[in-house]
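Input: a single structure, listed below in structure tokens.
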2 protein chains.
Amino acid sequence: MPERQSSRKDAIRNREAVLAAADALFTRRESPEDVTMADVAAAAGVGKGTLFRAFGDRAGLLRALYEARLEPIRQAVESGPPPLGPAAPPHDRVPALLDAVLCFKLDNRRLALALEEGGSSSPYRAEHYERWHSLLRAVLEQIPGPTDSDFTAHALLAATRADLIEHLAEEERMPRESMRAHLANFATRVLTSDPLQGLTTEE
Amino acid sequence: MPERQSSRKDAIRNREAVLAAADALFTRRESPEDVTMADVAAAAGVGKGTLFRAFGDRAGLLRALYEARLEPIRQAVESGPPPLGPAAPPHDRVPALLDAVLCFKLDNRRLALALEEGGSSSPYRAEHYERWHSLLRAVLEQIPGPTDSDFTAHALLAATRADLIEHLAEEERMPRESMRAHLANFATRVLTSDPLQGLTTEE
DNA sequence: ACAGAATCCGGACCCTGGGTCCGCTTCAAC
DNA sequence: GTTGAAGCGGACCCAGGGTCCGGATTCTGT
């Protein structure tokens with residue numbers, strides 16, 4: 001994993017160039033899978049060798065882009081104001097988190113798509129998924145009731161899968177706001193279910 | 001789209017052979033993506049040309065296998081006894097349907113995985129997804145309350161995505177029965193939420 | 001049973017796209 | 001200025017999906 005920083009200015013410049021070029025390409029092109037690594041290299045005015053040295057492989061490049069874009073939201077979640085930040089009551093925070101994920105993926109559709117469906121190794125092994133999941137799980141745990149937070153967190157996050165979002169937006173022409181409303185509604189329903197009625201989880 | 005039946009017996013024999021070989025390969029091999037088309041052809045004792053003529057492309061082969069395996073469940077859903085069949089009350093039928101999907105994907109993990117993550121064109125364009133979705137949606141519609149069935153159906157089905165199932169089973173070592181219990185629990189929670197508490201869906 | 005036509009067979013072949021290699025250039029430390 | 005470590009880039013490699021076509025097989029009409 002060639003992840004360590006170089007101090008050489010050409011290396012740094014090229015890294016930036018690649019990031020910018022890739023970013024542009026992924027947002028412009030229709031489908032993420034017709035952005036080839038050669039395309040990116042060419043658009044950045046760089047050789048393929050350089051590109052692969054900087055990011056390891058395709059997934060590495062995607063990851064780097066994704067993480068960069070994700071940073072602001074990460075901040076907001078970790079230390080921002082309610083309802084996203086840690087001070088928010090769990091019942092509000094869960095829908096807020098899901099809404100944040102949804103909006104992020106709407107704003108970065110192509111990228112999220114490329115990263116999630118990107119073939120080898122499921123999205124569930126990605127660290128950023130791991131982060132969302134464990135956070136959501138922790139928040140769910142603060143809500144009383146016999147809900148099993150682990151599964152619930154997975155199931156809720158599944159509703160924000162990039163290709164589902166894409167399908168709803170592109171095929172079903174569902175507008176952004178109603179998607180948000182539906183997701184919020186869904187999350188709320190999951191949370192506000194009557195605990196007395198819930199099955200006890202066996203095992 | 002070379003989908004029409006041939007009357008020639010060699011064609012039919014070869015089609016069967018390919019189906020059988022592919023089935024065997026996909027269940028044996030670790031990851032679906034290291035079953036190549038050439039492998040399948042070889043295992044079936046057939047040339048690649050034959051294989052591609054019979055199924056069009058990789059996705060076509062997968063689809064054919066999948067549909068074949070799905071047939072019994074389809075029967076049970078369309079005309080079987082409750083709680084899967086049409087006679088079941090919606091509140092019971094929804095979890096039953098999801099459970100059926102879950103079990104099916106557990107029993108055909110590799111195949112479902114290959115089909116869903118199979119790169120080009122999202123799983124949401126597949127006819128079998130369309131079928132599950134519209135059925136689930138119809139059943140949800142029979143339940144009173146301001147739930148928007150379309151989105152809810154998508155969200156519930158998302159919890160049965162092949163790669164999530166795979167992750168839970170393989171990485172988190174979650175046993176089959178507790179997965180089923182959790183999913184049932186989740187579905188029930190979605191259904192039994194207090195309608196008075198639900199947000200009205202705007203738009 | 002036989003000819004002719006239609007269909008199918010199969011593996012050599014093509015092509016795309018991710019990833020590697022290595023001789024040459026550029027940087028920065030002395 | 002010298003030097004060697006790091007970086008550069010594009011030619012190259014390879015796997016795997018998909019195509020092609022000469023030859024074999026099967027169907028149909030008589």
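Lettering follows sequence order; numbering is per chain, from 1.
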* To do: Would you indicate, yes or no, if C/dG10 has its OP1 or OP2 atom less than 4.0 angstrom from a side-chain nitrogen or oxygen of B/Thr50?
  => yes
* Quick one: what's the B/S/- string for nucleotides 25-30 of chain C, heavy-atom cutoff under 4.0 Å, read 5' to 3'? -> -BSS--
* Sequence neighbours excluded, which residues qualify as side chain to side chain contact (heavy atoms under 4.5 Å, CB included) partners of A/Glu170? -> A/Arg109, A/Glu166, A/Arg173
* Structure fact -> For B/Ala64 and B/Phe55 the tightest heavy-atom approach is CB-CE2, 3.7 Å
* **Distance test, side-chain N/O of A/Asn14 to OP1/OP2 of D/dG7, below 4.0 Å** => no
* Sort out for me which residue in A/Thr192, A/Thr147, A/Thr152 forms a side chain to side chain donor-acceptor pair (under 3.5 Å) with B/Arg189. => A/Thr152
* Structure fact -> In whole angstroms, the gap separating P of C/dG19 from CZ of A/Phe55 amounts to 14 Å
* Asked: Out of A/Arg93, A/Arg176, A/Lys105, A/Arg180, which one pairs with A/Asp99 under the salt bridge (Lys or Arg N to Asp or Glu O under 4.0 Å) rule?
  -> A/Arg180
Using nucleotides 16-18 of chain C, report all nitrogen or oxygen pairs with the protein that are shorter than 3.5 Å.
unit_1, atom_1, unit_2, atom_2, d
C/dG18, OP1, A/Arg58, NE, 3.4
C/dG18, OP2, A/Met37, N, 3.0

* **B/Pro95 to B/Leu191 - nearest heavy-atom pair and separation** => CD-CD1, 4.2 Å
* To do: Determine, using ring centers only, whether B/His167 and A/His154 are less than 6.0 Å apart.
  => yes
* Rounded to the nearest Å, what distance is computed from the CZ atom of residue B/Arg53 to the P atom of nucleotide D/dG17? -> 18 Å
* Indicate yes or no: does B/Glu67 engage B/Arg131 in a salt bridge with an N to O separation below 4.0 Å. => yes
* **Side-chain ion pair, A/Arg69 and A/Asp107, N-O less than 4.0 Å** => no
